[in-house]
Amino acid sequence: MTVLRTSLRNFVAHKGRMALSAVAVLLSVAFVCGTLVFTDTMSATFDKLFASTASDVSVAAPKNDDAQQTGRPQTVPASLKAKLAAADGVAKVEPHATNQQITAADARNKSIGPSSGAPTVGTNWDDSQKKSVDITSGHEPRGPTEVVVDSDTADKHGLKLGDTLRVMAAPGDFKVTIIGLATYRTTNPGAAILYFDTATAQSKLLGTTTGYSGYGLTAAAGVSDEQLKTSVTAAIGTGYTVHTAAETKAENKKDVGSFLDVMKYALLGFAGIAVLVGIFLIVNTFSMLVAQRTREIGLMRAIGSSRKQINRSVLAEALLLGVVGSLLGIGGGVALAIGLMELMGSMGMKLDTSELTIKATTPLVGLAIGVVVTVLAAYLPARRAGKISPMAALRDAGTPADGKAGKVRAAIGLLLTGAGAAALVAGGSADQASAGSAFLGLGVLLTLVGFVVVGPLLASVVVRGLSVVVLRLFGPVGRLAERNALRNPRRTGGTASALMIGLALVAALSVVGSSMVASATDQLDKSVGADFIVGGDTGPLSPAMVKAVRSADHIAHFTEYTGVNARITTPDGKTATEQLTAATPTYAQDLRIETVRGKLSDAYAKDAMSVPEGWAKDHGVRMGDRLTVAMVDGRTAKLKVNAITSDDTTFDKGAMYTNIATAKRYLPADKLPATSMMFAKAEDGQEKEAAASLKAAARDYPQIEVRDQADYKDLIKGQVDQLLNMIYGLLALAIIVAVLGVVNTLALSVVERTREIGLMRAIGLSRRQLRRMIRLESVVIALFGALLGLGLGMAWGMTAQKLLALQGLGILEIPWPTITAVFLGSALVGLFAALVPAFRAGRMNVLNAIATD
């Protein structure tokens with residue numbers, strides 16, 4: 001009990017000094033708990049949605065991942081309805097007609113589809129829809145010109161009853177009038193939903209009057225779903241996918257669950273980085289508190305306290321810190337989850353906060369992480385406290401416990417760093433990505449740990465170098481700041497290491513992102529000969545869209561491009577499903593792919609093809625071989641290998657080329673894949689006129705994007721930048737915790753040097769000079785961390801780029817503007833972190849400071 005009372009007294013006495021460490025624990029735990037609450041809420045919400053929309057038994061076409069992408073949904077015969085109605089235990093049969101690749105445009109020809117990447121879905125209205133939505137305005141669709149729109153989409157785009165929409169699907173375009181608005185009972189999954197009457201959905205969305213997407217069956221009273229499934233399977237035979245409600249729910253949950261799992265583990269990964277950074281903060285906090293209480297602990301040892309009691313006292317303080325920070329973090333995690341739900345709502349997915357799901361394990365996980373991490377981080381300082389002898393009662397409190405970096409620690413750090421550097425070199429020299437990735441991961445781990453361990457040694461060297469450039473410009477005040485930063489290399493190294501981790505990841509990702517963009521744009525310049533690339537944002541191009549694009553003027557030639565699934569039998573007797581890139585012969589001009597054998601243009605001859613270099617080597621394929629190519633849903637062809645393409649490329653890497661006319665010969669018209677994209681070459685000197693004509697031709701189709709090469713480069717850069725900005729935003733948490741570490745180190749350092757500061761003020765140091773000294777100390781620590789982090793991150797990024805070069809991304813580009821901005825920004829971070837500690841130091845009473853014991 002004495003140990004506990006002492007710990008409580010010390011914790012309360014130093015609550016201000018503990019506050020920033022508690023904030024670090026709070027932020028880390030909040031990120032973990034917020035992620036768990038958010039993903040659990042999404043999972044539970046989708047479970048309710050799937051449960052409300054699933055029929056007792058559903059019948060659909062068999063799942064076929066190799067089916068040709070025609071742009072039209074797979075269907076089952078309409079004649080199947082009679083067989084299903086006659087099956088034992090069937091009370092009701094409802095045909096479904098759904099297409100998830102449609103585009104709907106308002107009167108201004110603006111797409112009303114979600115900007116989040118979710119689809120625009122067209123489906124038929126029947127009684128099963130009433131399980132998940134209510135028509136809250138207007139009435140259900142009753143004819144070919146009527147549609148009901150989900151209320152979230154209507155609100156977002158300002159749609160109201162009576163407005164006209166133009167609906168574009170693979171079978172064709174048609175216009176409808178909004179006669180109703182439907183509101184979800186649980187959540188809108190983020191898609192734009194349009195409801196038509198069954199006959200319209202069947203003919204306009206599916207393009208047939210003899211088929212449906214599937215059927216939903218309602219079981220008769222007393223008939224279980226499993227019994228109904230058995231009965232239905234017996235009635236219709238094989239060749240269909242028959243699922244109970246539970247199986248449908250599980251299948252849907254699996255699809256959504258994979259996305260949620262990726263999101264959850266990615267967010268938890270960033271939370272883990274924040275936790276790691278927080279450990280440095282806690283270690284530094286307790287190390288300094290122990291140093292400041294050296295005399296106090298010595299007195300306790302002198303009056304009979306044992307080492308174990310002192311050790312337990314410090315660990316008990318850490319336990320209290322972990323509990324308080326974790327409890328606050330759990331509450332913060334719930335608030336963070338609500339914020340994420342509101343963010344998803346702004347993107348179109350309405351998640352009701354009243355459905356917030358907090359599992360019993362979530363607060364337990366948060367509490368366990370916060371407490372365990374805090375206690376483990378405080379263990380080494382607690383051991384040092386236990387080793388303090390009674391003779392320390394005779395020394396001044398606050399005497400630095402470790403003025404020099406230990407030789408053993410330095411040796412271990414250098415060994416780990418050297419081993420990590422060797423692993424990075426091995427990774428960059430690897431011939432295969434799998435082996436190189438393993439070396440890269442090992443190198444990242446070893447160099448990171450090595451830099452952390454060797455930090456005190458580096459502080460003694462690097463801080464002196466930085467001081468020559470930065471601090472000594474400020475005269476004696478700068479020299480004082482330098483000496484303060486070097487006073488305890490272990491503390492300076494630990495504080496800088498926290499900042500180093502976040503900045504290393506920022507630098508590595510910046511190098512990788514810039515190299516990817518530079519490599520892709522270089523390949524674009526070298527490989528793409530077409531002036532314009534035409535594609536659809538919501539799926540393939542329909543025949544109407546292709547016809548519209550082809551009406552453009554000032555075009556020397558158009559190229560249509562698509563993918564055809566086929567099973568290829570090679571000379572070694574193996575059969576594999578591959579995708580042939582089927583295009584018109586001008587594609588050989590639009591995409592200049594190097595060949596190692598033959599000419600690419602010859603691959604577009606009748607019944608000919610090309611194969612990639614690596615694939616040919618793996619399967620023993622030579623020039624002139626005839627491969628057996630069985631088109632999925634079509635006939636078998638014997639295609640001659642007229643070209644072998646180089647693997648040293650980024651665009652269409654590994655592609656097999658053939659003439660689209662060849663695909664048409666062996667596939668029925670209704671199984672021919674839709675055009676994925678088109679390429680266009682302008683007539684000489686007519687590029688501007690061609691661009692204007694293409695955009696005018698595609699004006700009626702808002703989903704069509706016409707891009708020239710500059711636009712395509714901007715698209716690539718924008719996509720990479722969007723991903724990097726999202727990652728930087730998540731890494732910001734770790735950097736914030738690191739900044740708190742700098743603040744805490746300075747604040748505790750000021751307390752530790754109270755008498756020293758009073759003496760300096762007494763001999764003439766002004767308040768302004770004192771504040772400047774503390775700010776400069778903070779700046780040099782931040783720059784030290786930035787220098788280590790940026791250097792380490794660039795090494796990681798350069799190694800990763802060497803691995804990307806195996807995939808054709810062969811240009812290394814260091815984003816010096818970003819690196820420079822981060823380095824200079826670190827100086828500003830240091831200034832910001834020192835504001836409060838410097839202000840408090842400047843307000844000290846000189847006499848009271850000198851009299852401090």
Side-chain angles (χ1 to χ4, degrees), residues 16-31 270-288 321 325 328-329 332 336 373-374 377 448 451-452 455 459 463 466 470 481 484-485 491-507 727-751 771 774-790 792-793 818-819 821-841:
R17 306 178 197 181
M18 294 284 194
L20 292 177
S21 294
V23 171
V25 178
L26 185 157
L27 290 174
S28 302
V29 172
F31 208 147
F270 287 103
I273 295 170
V275 170
L276 179 62
V277 172
I279 289 174
F280 289 98
L281 193 160
I282 296 165
V283 169
N284 266 4
T285 298
F286 278 94
S287 294
M288 296 179 74
L321 174 66
L328 294 174
L336 176 62
V373 164
T374 307
L448 178 61
F451 265 48
V452 170
V463 170
L466 286 171
V470 178
N484 287 333
R491 179 193 307 164
T492 300
T495 305
S497 294
L499 192 60
M500 173 190 75
I501 295 171
L503 296 185
L505 292 170
V506 168
I727 295 174
Y728 293 158
L730 294 170
L731 284 174
L733 176 65
I735 295 173
I736 289 171
V737 174
V739 172
L740 292 177
V742 178
V743 175
N744 213 20
T745 297
L746 290 173
L748 291 171
S749 178
V750 166
V751 174
R771 289 195 292 265
I774 294 172
R775 288 196 297 267
L776 289 174
E777 180 184 352
S778 177
V779 167
V780 79
I781 291 173
L783 289 178
F784 171 48
L787 202 61
L788 295 186
L790 295 175
L792 195 58
T818 300
I819 300 297
V822 171
F823 184 72
L824 296 178
S826 298
L828 296 178
V829 165
L831 282 174
F832 173 78
L835 290 179
V836 173
F839 177 74
R840 292 185 63 185

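Sequence positions, counted from 1, serve as the residue numbers for this chain.
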Quiz item: When rounded to the nearest 0.5 angstrom, what distance separates OG1 in Thr745 from CD1 in Ile781?
Solution: 6.5 Å

Quiz item: Does a side-chain heavy-atom distance below 4.5 Å link Val25 with Val373?
Solution: no

Self-check item: Inter-residue atom distance Leu281.CG - Leu27.CG, 0.5 Å rounding
Solution: 10.0 Å

Quiz item: Say you draw a straight line from CD1 of Ile282 to OG1 of Thr374; how long is it, rounded to the nearest 0.5 Å?
Solution: 4.0 Å

Quiz prompt | Shortest non-hydrogen contact between Ala782 and Leu499, atoms and distance | solution = O-CD2, 3.6 Å

Quiz item: Val470 versus Val780: any side-chain heavy-atom pair under 4.5 Å?
Solution: no

Self-check item: Nearest heavy atoms of Ala30 and Leu336, plus distance in Å
Solution: O-CD2, 3.7 Å

Quiz prompt | Minimum side-chain heavy-atom gap Phe823-Leu783 below 4.5 Å | solution = yes

Self-check item: Of Glu777, Arg775, Arg840, the residue whose pairing with Leu746 passes side-chain contact (heavy atoms from CB on, under 4.5 Å)
Solution: Glu777

Quiz item: Of all heavy-atom pairs between Ser826 and Leu503, which one has the smallest distance, and what is that distance?
Solution: OG-CD1, 3.5 Å

Quiz item: Got a second to check how far Leu731's CG is from Ile273's CD1, nearest 0.5 Å?
Solution: 5.5 Å

Quiz prompt | For Ala24 against Gly278, the heavy-atom pair lying closest together | solution = CB-CA, 4.4 Å

Exercise. Provide the closest heavy-atom pair for Ala377 versus Val283 in the form atom of the first, atom of the second, distance.
Key: O-CG2, 3.1 Å

Quiz prompt | Set of side chain to side chain contact (heavy atoms under 4.5 Å, CB included) partners for Ala22, sequence neighbours left out | solution = Leu321

Quiz item: Closest approach of Pro837 and Ile774, non-hydrogen atoms and distance?
Solution: O-CD1, 4.3 Å

Quiz item: So with a 6.0 Å cut-off around OH of Tyr728, is the heavy-atom count from everything else above 12?
Solution: yes

Exercise. Give a yes or no answer on whether the side chain of Ser778 reaches the backbone of Ala833 with a donor-acceptor pair at less than 3.5 Å.
Key: no

Quiz item: So how far is it from Leu505 CG to Met500 CE, rounded to the nearest 0.5 Å?
Solution: 10.0 Å

Self-check item: Heavy-atom side-chain contact between Phe280 and Val452 under 4.5 Å
Solution: yes

Quiz item: Does a side-chain heavy-atom distance below 4.5 Å link Phe270 with Ile727?
Solution: yes

Quiz item: Do Val742 and Val829 touch side chain to side chain, with heavy atoms closer than 4.5 Å?
Solution: no

